[in-house]
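Count residues from 1 along the sequence. Remember, it's 1-based here, ligands and their atoms both numbered in the order they're listed.
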Amino acid sequence: MDSKQFKEAAASAIDEIVNYYETIEDRRVVSNVEPGYLKKLLPDGPPQEGESWADIQKDIETKIMPGLTHWQSPNFMAFFPASSSFPGMLGELYSAAFTAPAFNWICSPAVTELETVVLDWLAKLLNLPECYLSTAHGGGVIQGSASEAIVTVIVAARDKYLRETTSHLSGLELEDAIAHKRSKMVALGSEMAHSSTQKAAQIAGVRYRSVPVTKEDGFALNGKYLEDTIKECKAQGLEPFFLTTTIGTTSTCAVDDFPSIATTLAKYAPPNIPGEIWVHVDAAYAGAALVCPEFQHLTAEFEHFHSFDMNMHKWLLTNFDASCLYVRKRKDLIDALSIMPSYLRNEFSESGLVTDYRDWQIPLGRRFRSLKIWFVLRTYGVKGLQAHIRKHIKYGEAFAGLLKTRPDIFEIMTGPNFALTVFKIVTKEGGKVEQEKHTKEVYELVNKRGEIYITSSVVGGDYAMRVVSANPMAEERFLHKAFDILVATAEEIRDGKIK
Ligand code: PLP
């Protein structure tokens with residue numbers, strides 16, 4: 001493809017993409033193809049002779065679209081959103097054009113420096129304490145996902161814990177102590193923490209224990225239960241070294257009780273003393289709301305914690321992937337992840353005056369992801385992002401309000417929290433088992449029909465449905481539509497109209 005052909009192909013692709021967005025609400029939101037559908041539509045191998053762009057592009061609609069679940073559709077209310085926006089897409093386009101796996105500063109100074117600048121902008125926007133800024137001892141780095149961010153910090157926490165608690169030893173004694181401690185180290189997360197912490201513990205080769213949460217506490221982690229778990233671990237000879245806390249848990253968008261967590265940790269693993277527990281704040285989705293001053297009180301304790309992560313690609317209009325990880329002390333990351341083979345040596349790295357983001361992440365190469373964040377921040381501005389979040393929160397309240405008009409069908413279990421409402425179907429007769437069966441049937445039928453797409457969860461032992469009103473294309477009319485579909489489906493099932 002030469003540049004003239006590229007121009008024509010790109011114009012045609014952009015036309016198609018714009019049309020896709022303009023008509024997306026009319027598509028069936030969740031794909032209903034059979035497993036293996038695509039293999040049947042594609043040849044056994046690549047063509048011998050190159051094909052024209054027009055021929056390739058045709059296959060998008062006929063072969064790819066049927067197998068897409070349309071995350072950008074306003075009828076998509078499942079999981080958490082995966083944001084997309086035109087400025088975000090332009091960032092991806094330029095990033096692809098420049099393709100520069102800038103692992104060291106010298107490999108493209110702009111890639112590194114823009115990342116540092118926009119992540120500092122973002123830290124201020126989210127009201128993170130000053131210690132998380134690059135101008136202090138911290139800093140931010142873009143990772144691929146919240147899960148990857150947790151793997152990265154758990155490794156840093158593990159090495160810091162081992163280093164600090166064995167610093168008085170050397171030689172064989174040190175090796176034995178490290179081997180012993182490694183077998184006893186345990187990462188903690190609440191029952192409602194995302195599974196990525198357990199996975200990160202598995203990858204880092206440490207144990208995992210979950211801390212109970214209760215309905216009375218709104219399914220949020222609190223200091224009391226944390227204290228019990230720490231005591232239990234210690235009584236078993238285990239060494240807690242890491243804790244994931246959450247702003248916006250996946251099931252119900254609960255916010256952990258940071259003040260009581262900080263108080264417990266001050267008692268059992270005092271900060272800044274060898275053996276402290278590294279606290280990571282997983283704000284993958286709901287952390288976006290921190291752009292609004294009305295949520296910024298939530299960051300008050302973060303100066304006592306160690307790392308924070310928020311996905312711009314979930315709720316802040318930035319295309320996947322843009323997980324923004326911050327650490328209070330960048331040295332902790334660098335100590336764990338830096339390695340300097342001769343082929344990576346250069347005068348700038350050795351001067352100590354530049355950031356080499358390869359030391360802040362697991363891979364070596366990296367994409368120019370800060371561009372899309374920069375474009376988004378500049379295109380919408382602070383006020384635009386605040387309006388975006390507030391609009392979705394208002395839609396969540398409107399949807400919950402609709403559910404409340406039909407107490408004969410629905411019971412809200414939690415929320416709306418950060419535009420997420422969790423609810424179940426109530427039945428006149430039958431107890432929990434009947435309600436659970438009915439809720440499951442409604443959930444499955446709604447998704448099978450594919451007019452809207454929602455997800456389920458189990459909350460406090462009860463089966464529940466989740467509706468998220470934070471899709472970039474969300475409008476109140478789509479939440480009304482979702483409500484009407486849920487009512488009609490629940491009534492059909494209740495009246496035995498579905499066989
Ligand atoms: N943390 C929370 C609270 C989440 O809800 C999710 C996913 O929805 C994750 C972490 C994992 O996110 P990622 O897909 O970026 O790894």
Under 3.5 Å: N or O atoms of ligand 1 paired with protein N or O:
{"from": "ligand 1", "atom 1": "1 (N)", "to": "Asp282", "atom 2": "OD1", "distance (Å)": "3.2"}
{"from": "ligand 1", "atom 1": "1 (N)", "to": "Asp282", "atom 2": "OD2", "distance (Å)": "2.5"}
{"from": "ligand 1", "atom 1": "5 (O)", "to": "Thr250", "atom 2": "OG1", "distance (Å)": "2.8"}
{"from": "ligand 1", "atom 1": "15 (O)", "to": "Ala146", "atom 2": "N", "distance (Å)": "2.8"}
{"from": "ligand 1", "atom 1": "15 (O)", "to": "Asn311", "atom 2": "ND2", "distance (Å)": "3.0"}
{"from": "ligand 1", "atom 1": "16 (O)", "to": "Ser145", "atom 2": "OG", "distance (Å)": "3.4"}
{"from": "ligand 1", "atom 1": "16 (O)", "to": "Ala146", "atom 2": "N", "distance (Å)": "3.4"}
{"from": "ligand 1", "atom 1": "16 (O)", "to": "Ser147", "atom 2": "N", "distance (Å)": "2.9"}
{"from": "ligand 1", "atom 1": "16 (O)", "to": "Ser147", "atom 2": "OG", "distance (Å)": "2.5"}

Next item on the list: Assess whether atom CD of Gln236 is packed by more than 12 heavy atoms of other residues, nucleotides or ligands within 6.0 Å.
Entry: yes
Next item on the list: Would you mind checking if Lys448 and Glu444 are paired as a salt bridge, meaning a charged N to carboxylate O distance below 4.0 Å?
Entry: no
Next item on the list: Taking all non-hydrogen atoms of both residues into account, name the closest pair between Ala474 and Tyr395 and its distance.
Entry: O-CE1, 3.4 Å
Note to self: Holding to side chain to side chain contact (heavy atoms under 4.5 Å, CB included), I want the full list of residues that pass it with Thr263, two or more places apart in sequence or in another chain.
What the structure shows: none
Expected list for residues 133-143: side-chain donor-acceptor pairs under 3.5 angstrom, two or more places apart:
{"from": "Ser134", "atom 1": "OG", "to": "Asp120", "atom 2": "OD2", "distance (Å)": "2.5"}
{"from": "Gln143", "atom 1": "OE1", "to": "Thr152", "atom 2": "OG1", "distance (Å)": "3.3"}
{"from": "Gln143", "atom 1": "NE2", "to": "Trp360", "atom 2": "O", "distance (Å)": "3.0"}

Check: residues 74-84 side-chain donor-acceptor pairs under 3.5 Å, at least two apart:
{"from": "Asn75", "atom 1": "OD1", "to": "Lys481", "atom 2": "NZ", "distance (Å)": "3.2"}
{"from": "Asn75", "atom 1": "ND2", "to": "Glu25", "atom 2": "O", "distance (Å)": "3.2"}
{"from": "Ser83", "atom 1": "OG", "to": "Lys314", "atom 2": "O", "distance (Å)": "3.1"}
{"from": "Ser83", "atom 1": "OG", "to": "Leu317", "atom 2": "N", "distance (Å)": "3.1"}
{"from": "Ser84", "atom 1": "OG", "to": "Tyr21", "atom 2": "OH", "distance (Å)": "2.8"}
{"from": "Ser84", "atom 1": "OG", "to": "Asn319", "atom 2": "ND2", "distance (Å)": "3.0"}

